Number of protein chains: 2
Amino acid sequence: MAPEEIRSKPTELERETENGESSSAGTSAAGAAAQRHIPPASLARLPIYLRALTAMLSDGRERVSSEELAEAAGVNSPKLRKDLSYLGSYGTRGVGYDVLYLSGQISAALGLTLNWRVAIVGAGNLGRALAGYPGFGSRGFEVVALFDADPMVIGQEVGWLRISPVDSLEAVLAKTRANMAVLSVPAEVAQDLCDRLVESGITSILNFAPVVLQAPENVQIRKVDMATELQILAYHAQRAQASQIAARARLAR
Amino acid sequence: MAPEEIRSKPTELERETENGESSSAGTSAAGAAAQRHIPPASLARLPIYLRALTAMLSDGRERVSSEELAEAAGVNSPKLRKDLSYLGSYGTRGVGYDVLYLSGQISAALGLTLNWRVAIVGAGNLGRALAGYPGFGSRGFEVVALFDADPMVIGQEVGWLRISPVDSLEAVLAKTRANMAVLSVPAEVAQDLCDRLVESGITSILNFAPVVLQAPENVQIRKVDMATELQILAYHAQRAQASQIAARARLAR
DNA sequence: CGTTGTGAATGCCTTCACAGCA
DNA sequence: TGCTGTGAAGGCATTCACAACG
C-alpha cells in the first residue's frame with residue numbers, strides 16, 4: 001500500500017510543512033503524500049506535463065528545460081515553473097529538469113503510485129471504448145469491473161473482462177475492491193447508479209452522463225461532457241463568423 | 001443561414017454595444033449575435049443551465065427562480081444570476097425566469113440557432129459512441145461524416161451514416177460542408193489529421209486524443225481527456241486517504 | 001413583497017521580472 | 001553564464017449585500 005518514492009537524485013527533499021491542521025511536531029508522514037495543497041488550476045495541468053514527460057522518456061530524452069516542456073504542454077514557461085514549484089524544487093538551475101526524476105515526482109504528487117481499481121458502469125460503445133483505453137493501465141489505473149443492464153451484453157468479454165450484471169453491482173465492487181468508478185450510462189439512470197456507488201463506499205466518480213449528479217461532499221465527482229464542449233466551440237465559431245460578416249459589411253460600405 | 005431569434009416575450013432586447021472594435025454608428029448586426037463577450041468561466045456553465053432548462057421544459061415547467069435553477073445546475077444562485085447577466089436581463093424581478101424564453105436566449109447566445117455540421121474522424125468505439133450520441137441532434141449539431149483508416153470498417157453503417165475512408169477526408173469535408181470536427185483517433189496520428197482538418201478550413205475542433213495539438217490561433221481547439229480527469233480524482237482520493245491515516249495516527253498516539 | 005440585476009470587495013490565477021544558484 | 005524558483009503586481013472569477021423593480 002505505502003507507495004515507494006521514486007528517486008534518482010537524492011537532494012533536499014523532506015518537507016514537513018503540513019497543510020494547516022496538525023502542525024507542531026513532525027507527524028513524519030507514513031511514507032505517503034504529506035505534500036501541501038496544489039491549486040486546482042495547477043493540478044489540472046499536471047497530467048499534461050506528465051504525459052509530455054512520458055513521451056520524452058520513450059524518446060530517450062534525459063533532460064529538459066522549462067521552456068521546452070512548456071512548449072510541449074502548450075503553456076508558457078513561467079506558468080509551468082510556478083506549477084512545478086507547488087510540488088517542490090525538482091530542477092537544477094542553469095541546467096533544467098531530469099525527465100525521469102520529474103515524472104516520478106509528478107506521479108507521486110498525483111497519487112499514481114497507489115493502485116487505483118476502476119469500475120466502469122455502462123458497457124455501451126463509450127464504456128467499451130473506456131475499457132479498452134490504453135492510457136489507463138500505463139498510469140496506475142486498472143479496470144477491474146465492467147457493468148451493464150442489458151441481458152444481451154451481460155457475459156460478453158471485452159478485453160480481459162467479462163461484463164457483469166448491474167444487479168450485482170454492490171457484490172462485484174466489494175469482491176474486486178474497486179476504489180473508483182466511471183459512469184457511462186444513459187442520463188436517466190445516472191443518479192440512481194451514483195447513489196448505489198456512493199452507498200458501496202466509492203468516493204471518486206468520473207461521470208460521462210449529461211446530468212449534474214448530487215452526492216455527499218466527501219465524494220469527488222468530475223464530469224466529462226462532449227455536448228458542453230461542442231457548445232463552447234459553437235459560441236466561438238459563431239463570434240468569429242459574426243465579426244467576419246461585420247468586417248465584410250464595413251468594406252462594402 | 002441567418003438564424004431566427006426565438007421570441008415569446010418581446011421586451012427591451014436590442015443591444016448595440018459592440019465588443020470594442022468598430023464602435024461608432026450602429027452596424028445593426030445581421031440578425032445574429034452582436035452580443036458582448038462572455039467570460040470563459042461563465043461560458044462554460046451556460047450549457048449546464050441550458051440542459052437544466054430543457055429538462056424543466058419537458059417536465060412542463062414554465063417559470064423558475066434563480067435559486068431553483070442554480071440548484072439544478074449545481075451552482076449557487078448569485079453565480080447563476082451573474083452569469084445570466086452577461087447575456088442580458090431576461091428575468092422578471094419578484095417572479096423569476098420564463099423557462100422557454102430563457103433557454104431560447106441561452107441557445108442564441110451560444111450560437112445554437114446556426115446549423116453546425118460535425119465531422120467525426122475516427123470510428124473506433126469512441127467515434128461510434130459519439131456518432132450515436134443523442135445529445136447532438138437535439139442541439140443544432142448534425143453529424144454529417146464519419147471517417148476511419150481501417151479498410152475493414154470503411155463502408156460500414158453507423159446509424160444513418162456510412163464510414164468514409166480517411167483518404168477522402170478533404171473531398172468529403174467539402175461535399176458535406178462540415179464546419180466542426182471531432183478527433184477520436186489514436187494519439188500518434190492526431191496532429192497529422194488536425195493539420196489536414198485545418199488545411200480544409202475547419203476552425204473548430206474537439207480533440208479526444210491524448211496529445212496537445214498545435215494549430216494556428218484562429219483555430220479553436222478544445223480537448224476532452226479522461227486520463228487527465230482520472231488523475232485529478234486520484235490526487236483528491238490520495239489526499240483524503242492520507243489525511244485519514246494521519247487522523248488515525250493521531251488517535252493512536 | 002419577493003426576486004432579479006449589479007457594483008464593490010475579496011480571493012485566486014497568471015504574468016512578470018529578477019534574485020538565487022549550479 | 002543560463003535557467004530555475006518565487007515575491008509582487010495585475011487581471012479574472014466569485015461572493016456578497018443591496019438597490020431596483022415588477
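The model shown is predicted, which means the values in this text are computed figures rather than measured ones.
Checking D/dT4, D/dG22, C/dG5 against the side-chain heavy atoms of B/Thr92 singles out D/dG22 as nearest. Closest to the side chain of A/Lys79, from the set D/dG5, C/dT14, D/dT14, is C/dT14. Distance from the side chain of A/Arg93 is smallest for C/dG20 among the nucleotides D/dT6, C/dT4, C/dG20. When each of D/dA13, D/dG5, D/dC16 is scored by its nearest atom to the side-chain atoms of B/Pro78, the top-ranked nucleotide is D/dC16. Picking from D/dT4, D/dG5, D/dT15 the nucleotide with the shortest atom distance to the side chain of A/Ser65 gives D/dT4.
Side-chain nitrogen and oxygen atoms of B/Asn76 include at least one within less than 4.0 Å of the OP1 or OP2 phosphate oxygen of D/dT15. One finds a side-chain N or O of A/Tyr97 lying less than 4.0 angstrom from the OP1 or OP2 phosphate oxygen of D/dG5. The phosphate of D/dT4 (OP1 or OP2) has a side-chain N or O of A/Ser66 nearer than 4.0 angstrom.
Annotation: A/Gln191, atom CD; neighbour count of heavy atoms from other residues, nucleotides and ligands within 6.0 Å is above 12.
Residues B/Tyr97 and B/Tyr90 place their aromatic rings such that the two centres sit no closer than 6.0 Å.
Nucleic acid contact class of A/Arg45 (heavy atoms, under 4.0 Å, all strands): sugar-phosphate only.
For the atom pair CD of B/Gln238 and CG of A/Leu114, the computed distance is 6.5 Å after rounding to the nearest 0.5 Å.
For the pair B/Leu43 CG and D/dA13 C1', the computed distance is 14 Å after rounding to whole Å. The CD1-P distance, from B/Ile38 to D/dA13, rounds to 12 Å in whole Å. Following rounding to the nearest Å, A/Leu80 (CG) and D/dT4 (P) show an atom-to-atom distance of 8 Å. Between the C1' atom of C/dT6 and the CG atom of B/Leu87 lies a distance of 15 Å, rounded to the nearest Å. Between B/Gln105 atom CD and C/dG5 atom P the separation is 12 Å, expressed in whole Å. In this structure, B/Lys82 atom NZ and C/dT10 atom P are separated by 15 Å, rounded to whole Å. Atom-to-atom, CD of A/Glu68 to C1' of D/dG2 comes out at 13 Å; the value is rounded to the nearest Å. Distance CG (B/Asp98) to P (C/dT4): 13 Å, rounded to an integer number of Å.
The shortest heavy-atom contact between A/Ala234 and B/Leu112 is CB-CD2, 4.1 Å. The minimum heavy-atom distance linking A/Leu53 with A/Val99 is given by the pair O-CG1, 3.6 Å.
Residues A/Ala41 and B/Leu84 each lie close to DNA chain C; by heavy-atom proximity, the contact nearer the 5' end of the strand is made by B/Leu84. Map A/Gly94 and A/Tyr86 each onto its nearest nucleotide of DNA chain D; the residue landing nearer the 5' end is A/Gly94.
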